Q: 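Handing you this structure, nothing more for now.
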Amino acid sequence: MPEGHTIHRAARLQRRRFAGSRLSLDSPQGRFSEGAAALDGRTLITIDAYGKHLFYRWEDGETLHVHLGLFGRFRMWTSDPPEPTDGTRLRWRADAGTLHLSGPTACELLDPDAEVAIRARLGPDPLAPTPDGPVRFARGLARRRAPVGQALLDQALIAGIGNVYRAEMLFLAGINPLRSAGDVTTAQADQLWSLAVTLLGIGERIGRIVTVDHARRGYRRPRDVPRGERLYVYRRHGEPCLVCGAQIERVALSGRTVWWCATCQPS
DNA sequence: GCTGCATGATGAA
DNA sequence: TCATCCTGCAGCA
């Protein structure tokens, strides 16, 4: 589930439901018992998202850092929450609802220095845009020799891209994932950044990744595109390209599989 | 019940 | 590049 869009969406929905509330926290699994006890009964001020990281601000200045990793997942109920599973690292409850967090890579209290260190190693976030974001991204890309498909997963270059968006962005930009990042033109770098802003924005709004041109495929909105037609190349090895009909290829890159169309993304 | 797999990231070799 | 950590689910017996 979790690329940058999931994180920003979680921040927005949880903020809306819980910001300003006094929360009861515990760790049914027991692996975050001390932290939960430290926060129990305090008021949540707000939640900041950056890249794939979440920072929860509590009264009295505490910060809770959450990173979902590959398996992490939030579940939220407005009424009648189920019993927590064995994997529920953190549970919190307020009048407005109940939240369970399972499987995170990080769920920890953070001192200010540690947060600065985390933020310092992250590149620009297309969902937290600043004026210099596109330029920082383009410069970073131009400086790298690694394949562009590998570079896009580097959170120091662009924060929030994961394996689905990397494959889909490269398809839409017509760039072969194995091409050297440094050989990507400035215009293509700008296009990749714009695609990231647009695609992650759609994902943040509707809660799932849809990268196909919904109008061209006969749907009114991205959210109307049915499962199975939402992506151009991700996990479509051997199937026909939705644009040209050629077979989708795949290759391992920086330990993860990337898919592409050899015709639409020539080397 | 078991196996394998997944939209992530790190540290050692 | 590999091993490791983090869970839940589908697919199978």
Side-chain angles (χ1 to χ4, degrees), chain A residues 1-11 27-33 35-36 49-54 64-76 82-91 99-108 110 114-115 117-123 125-127 146-147 149-172 177 195-196 199-212 222 225 227-237 248 250-260:
Chain A
M1 307 292 278
E3 297 193 27
H5 68 298
T6 303
I7 303 310
H8 283 263
R9 180 179 173 85
S27 177
Q29 178 194 54
R31 295 184 54 181
F32 187 58
S33 296
Y50 196 89
K52 297 174 186 171
H53 297 261
L54 286 160
L64 169 68
H65 172 228
V66 171
H67 189 295
L68 294 181
L70 187 53
F71 310 132
R73 184 171 170 187
F74 290 111
R75 267 163 285 207
M76 194 158 71
E83 283 303 303
T85 63
D86 291 346
T88 303
R89 183 81 56 89
L90 174 64
R91 162 174 65 175
L99 187 77
H100 290 181
L101 167 63
S102 65
T105 285
C107 175
E108 59 191 353
L110 218 55
E115 179 174 345
I118 289 169
R119 288 178 177 268
R121 56 173 204 251
L122 296 174
D125 177 350
L127 290 180
Q150 183 178 323
L152 286 180
L153 287 184
D154 182 350
Q155 303 300 299
L157 175 67
I158 178 169
I161 303 302
N163 209 20
V164 181
Y165 283 119
R166 112 164 135 170
E168 297 295 307
M169 287 165 60
L170 288 169
F171 175 83
L172 284 162
L195 283 166
L199 298 177
L200 271 76
I202 291 169
E204 196 278 340
R205 283 192 296 282
I206 71 176
R208 52 183 180 259
I209 302 178
V210 175
T211 60
V212 296
V225 180
R227 201 182 154 70
E229 295 179 37
R230 293 174 187 158
L231 305 172
Y232 285 108
V233 291
Y234 177 76
R235 275 162 75 80
R236 295 197 61 240
H237 175 62
I248 301 300
R250 75 176 162 192
V251 70
L253 201 49
S254 59
R256 322 278 305 276
T257 305
V258 64
W259 293 261
W260 86 99

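The sequence lines fix the lettering, A, B, ..., with proteins before strands; numbering per chain opens at 1. Source: prediction; values computed, not measured.
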Q: Could you tell me which residues satisfy side-chain contact (heavy atoms from CB on, under 4.5 Å) with A:Arg230, sequence neighbours excluded, listed by chain and number?
A: A:Arg208, A:Val210, A:Val225, A:Arg227
Q: Identify, with sequence neighbours excluded, every residue that meets side-chain hydrogen bond (donor to acceptor under 3.5 Å, both in side chains) alongside A:Arg236.
A: A:Glu239
Q: Tell me the interatomic distance from A:Arg208, atom CZ, to B:dA6, atom P, rounded to whole angstroms.
A: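 It works out to 22 Å between those atoms.
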Q: Among all residues two or more places apart in sequence or in another chain, which pass the side-chain hydrogen bond (donor to acceptor under 3.5 Å, both in side chains) test with A:Arg119?
A: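 A:Arg119 satisfies side-chain hydrogen bond (donor to acceptor under 3.5 Å, both in side chains) with A:Glu115 only.
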Q: Return the set of residues passing side-chain contact (heavy atoms from CB on, under 4.5 Å) with A:Ala106 (not counting sequence neighbours), or none when no residue passes.
A: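 Per chain and number, A:Ala106 pairs via side-chain contact (heavy atoms from CB on, under 4.5 Å) with A:His65, A:His67, A:Glu108.
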Q: For A:His100, what residues pass the side-chain hydrogen bond (donor to acceptor under 3.5 Å, both in side chains) criterion, not counting sequence neighbours?
A: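 A:His100 satisfies side-chain hydrogen bond (donor to acceptor under 3.5 Å, both in side chains) with no residue once adjacent residues are dropped.
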Q: Not counting sequence neighbours, which residues clear side-chain contact (heavy atoms from CB on, under 4.5 Å) with A:Ala114? List them please.
A: A:Leu110, A:Asp111
Q: Can you pull every protein N or O that's under 3.5 Å from an N or O on nucleotides 9-13 of chain B?
A:
unit_1	atom_1	unit_2	atom_2	d
B:dA9	OP1	A:His67	NE2	3.2
B:dA9	OP2	A:Lys52	NZ	3.0
B:dT10	OP1	A:Arg121	NH2	3.2

Q: What range of DNA chain C does chain A touch, first nucleotide to last, counting atoms under 4.0 Å from its heavy atoms?
A: C:dC6 to C:dC9
Q: Write down the distance between NE2 (A:His237) and P (B:dA6), rounded to a whole number of angstrom.
A: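 To the nearest whole Å, that distance equals 13 Å.
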Q: At 4.0 Å (heavy atoms only), tell me whether A:Arg31 reaches a base, stays on the sugar-phosphate, or touches nothing.
A: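 Sugar-phosphate only.
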Q: Need one value for A:Gln29: base, sugar-phosphate or nothing, where a base atom within 4.0 Å counts as base even if backbone is also close, heavy atoms only.
A: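 Counting heavy atoms under 4.0 Å across all strands, the contact made by A:Gln29 is with sugar-phosphate only.
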Q: For A:Glu3 and A:Tyr165, work out which heavy atoms get closest and say how close.
A: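 For A:Glu3 versus A:Tyr165, the nearest heavy atoms are OE1-CD1, 2.8 Å.
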Q: Could I get the full list of side-chain contact (heavy atoms from CB on, under 4.5 Å) partners for A:Ala159, not counting sequence neighbours?
A: A:Tyr50, A:Leu122, A:Asp125, A:Gln155
Q: Determine the interplanar angle of the A:Phe171 and A:Tyr232 rings, folded into 0 to 90°, and report it as parallel if under 30°, tilted if 30 to 60°, perpendicular if over 60°.
A: parallel
Q: Say we look at C:dA3 and B:dC5: how far apart would their P atoms be, to the nearest angstrom?
A: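 One P to the other, the span is 15 Å.
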Q: Name the nucleic acid region contacted by A:Arg235, choosing base, sugar-phosphate or nothing; use a 4.0 angstrom heavy-atom cut-off, strictly under.
A: sugar-phosphate
Q: Taking atom P in both C:dG8 and B:dT10, what distance in whole Å separates the two?
A: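 So the two P atoms sit 22 Å from each other.
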Q: Starting from P on B:dT7, measure out to CG on A:Leu70 and report it in whole angstrom.
A: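 In whole Å, B:dT7 P and A:Leu70 CG are 6 Å from each other.
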Q: What pairs with A:Thr88 under side-chain hydrogen bond (donor to acceptor under 3.5 Å, both in side chains), at least two apart in sequence or on another chain?
A: A:Thr85
Q: If the condition is salt bridge (charged side-chain N to carboxylate O under 4.0 Å, His left out), which residues does A:Arg166 pass it with, not counting sequence neighbours?
A: none
Q: What's the CZ-P distance between A:Arg227 and B:dT7, to the nearest Å?
A: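 Whole-Å distance recorded here is 14 Å.
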Q: Both atom distances under 3.5 Å, Watson-Crick or G-U wobble: I'd like the secondary structure of DNA chain B as a dot-bracket string, with | for pairs made across strands.
A: ||||||.|||||.
Q: Whole-Å distance between B:dA6 P and A:Ile209 CD1?
A: 14 Å
Q: Would you say A:Tyr234 places a side-chain N or O within less than 4.0 Å of OP1 or OP2 belonging to B:dT7?
A: yes
